[in-house]
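Here is the structure we will look at, set down as structure tokens.
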Amino acid sequence: MSTIYIEKHNLQDTEAIEAKLEILLQQPFESVADIEGWLKDVSAFYDELREALDGHYIDFQAHNQSEEAKQRFEHDQHKIEPLIKTYTAKLDEKLMNSPFKDELDTEVYGRLLRSKENAIELFREENIALEVEEDRLATRYFELTGGLTAEWDGEEKTIPELFPLLENPDRDVRQSAFDKIFGALSTVEDDLQDIMDELMKLRKQKAANSGLANYRDYMFKKYERFDYSPEDCKQLSASIQEHVVPVARKIDEQKKAELGVDTLKPYDRKAVPADRSPLKPFDNRDELVGKTSDALGELSPRFKELIDVMNERGMLDLETRKNKSPGGFCTPLPVSELSFIFMNASQTHDDMLTLFHEMGHCIHNDFTRHLPLSHDRETPMESSELASMTMELLTMDQWDHFYTKAEQKQAKLDVLRDIISFLPSGIRVDAFQHWMYENPDHTKAERMEKFAELSRELSSGIVDWNGYEEVRKKEWLFILHIFEVPFYYVEYVIAQLGAVQMYKQYKEDPEGTMERYKQALALGNTKSLPEVFEAAGIRFDFSGDMIQELMAFLQKEIAEVENMSV
């Protein structure tokens, strides 16, 4: 379908793919140099397969009702991915069983060897079929949510097109849009709940097959979370409840006062006061790309060059449309040596921020291109999100490309306040998943009640959910990570704490901070998370003391911006 990616191998020819993998498996080792060359050969072939596989994923997400895209994507899921997983396990065994591996330089290959040892411990052949079924269920989730629409003023609108209406100064408009969004969700709610029930059973079995107590422990091992534990996540949740929620309460009280309402309802959370209009940083896709390019160019000529080349090569699918999956992502294309950005823009401030966020990922990928092994380029999600969330903050002074001075002031305030509001909601998603997989036999009703309970515990207590209790229970159904990439969410929280540290030092030393940012990104997966954060000039620390310190900084920043004259 698409020509944005390079397809060096016909993935329909499963036998040819297997033959190439078998050649790599049978390649003899007679020295440590043979292993080093073989690792590069394996990496290069996997890069070629990954680009084609991710290209088909992109095609499906962009057109999730296309039979052609679906068939190719499902062929990959049912035939190619299981083949790769089977041979990856065999290739890992080949490497780890070779006596020459002990001669590899541990400074260069130590992390790779630990990764392979961990993968061997986790791998069970019987889990491959379960993962195929997991992928099928995730595909169904995207089909259901990507096809959701609602009527608005006589026109059929996608859900991403309705979300900007939640910023409207007219409260009746906001409430109507909110009702339509969750009314549309209710039409597929039972199906989504059934999908989650099936996923719970599959994931429980995968953990049992691997000899682990629960799927949470399985995913921590799969994600190679060597630098923190489930208990650390729970402590992080407690620290956010103690140090962030009270600050979030002040923000919600201020929002209530600004709107002049007696009670702050869930459809008021993104609203602007009646005396101003919602921020609208661009009118169309090309304007969004052009202004983002100019802003990035002020930080680094390479940043501008990168987005311009991606735009020329068709690597930016930014606009919302029917039968396009929700959400946004950045996918590296290692053969093309570029990245692809997918998002659903609808002319809001959040869209502008999303493009800066995803460009942070692209810039990160660009800085790791020099690393020869795909393992070293596959950065942990915590440092990947550090790259993207930091980019959101480091570009704030360049938002004059999008806004007047008064609008830029408001945009900065919104972002700083949103960081505080995000931390409790982000850790809520993580805590919800811990509970789900520690209690895998829960019912649909228990799952819904638990999410509402966590929402209450981690909320400011200012938003009035009376009349919307059922909506509060099912907000999580819009969070695709829970379905497609379980336990991928605490990374946003950890990275946000790192990004605020980056912004703090950027205000004191812009040039030095930018240089350290680039150095940290260039490390890829060659160093631990604490070492990457240290290279960036910050601490891999999400203790209560750190969170308290960052809350004090953010409140000070908000006060300074509020007092700015424009």
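Judged by the 6.0 Å distance and 45° axis criteria, Lys324 is positioned over the aromatic ring of Phe342. Seen from the ring of Phe220, Arg225 counts as a face-on cation partner, given the 6.0 Å and 45° thresholds. Lys518 forms a cation-pi arrangement with Phe303, by the criterion of a distance under 6.0 Å to the ring centre and an angle within 45° of the ring axis.
Side-chain atoms of Arg111 and Asn525 include a donor-acceptor pair closer than 3.5 Å. Between the side chains of Gln410 and Asp414, a donor-acceptor pair is found at a separation under 3.5 Å. Side-chain atoms of Glu560 and Gln555 include no donor-acceptor pair closer than 3.5 Å. If you check the side chains of Thr320 and Ser346, you find no donor sitting under 3.5 Å from an acceptor. His361 and Asn365 form no side-chain donor-acceptor contact under 3.5 Å, judged by distance and modelled atom types alone.
Relative orientation of the Phe487 and Tyr437 rings is tilted, given thresholds of 30° and 60° on the angle between their planes.
Ring to ring, Tyr506 and Tyr503 are not that close: their centroids are 6.0 angstrom or more apart.
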_Test log, rule salt bridge (charged side-chain N to carboxylate O under 4.0 Å, His left out), inputs Asp294 and Lys304_ = CA-CA 7 Å; Asp294 291 340; Lys304 176 179 175 60; 3.4 Å; yes

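Contacts of Phe282 classified as ring pair (Phe, Tyr, Trp, His ring centres under 6.0 Å), with partners at least two apart in sequence or in another chain: none.
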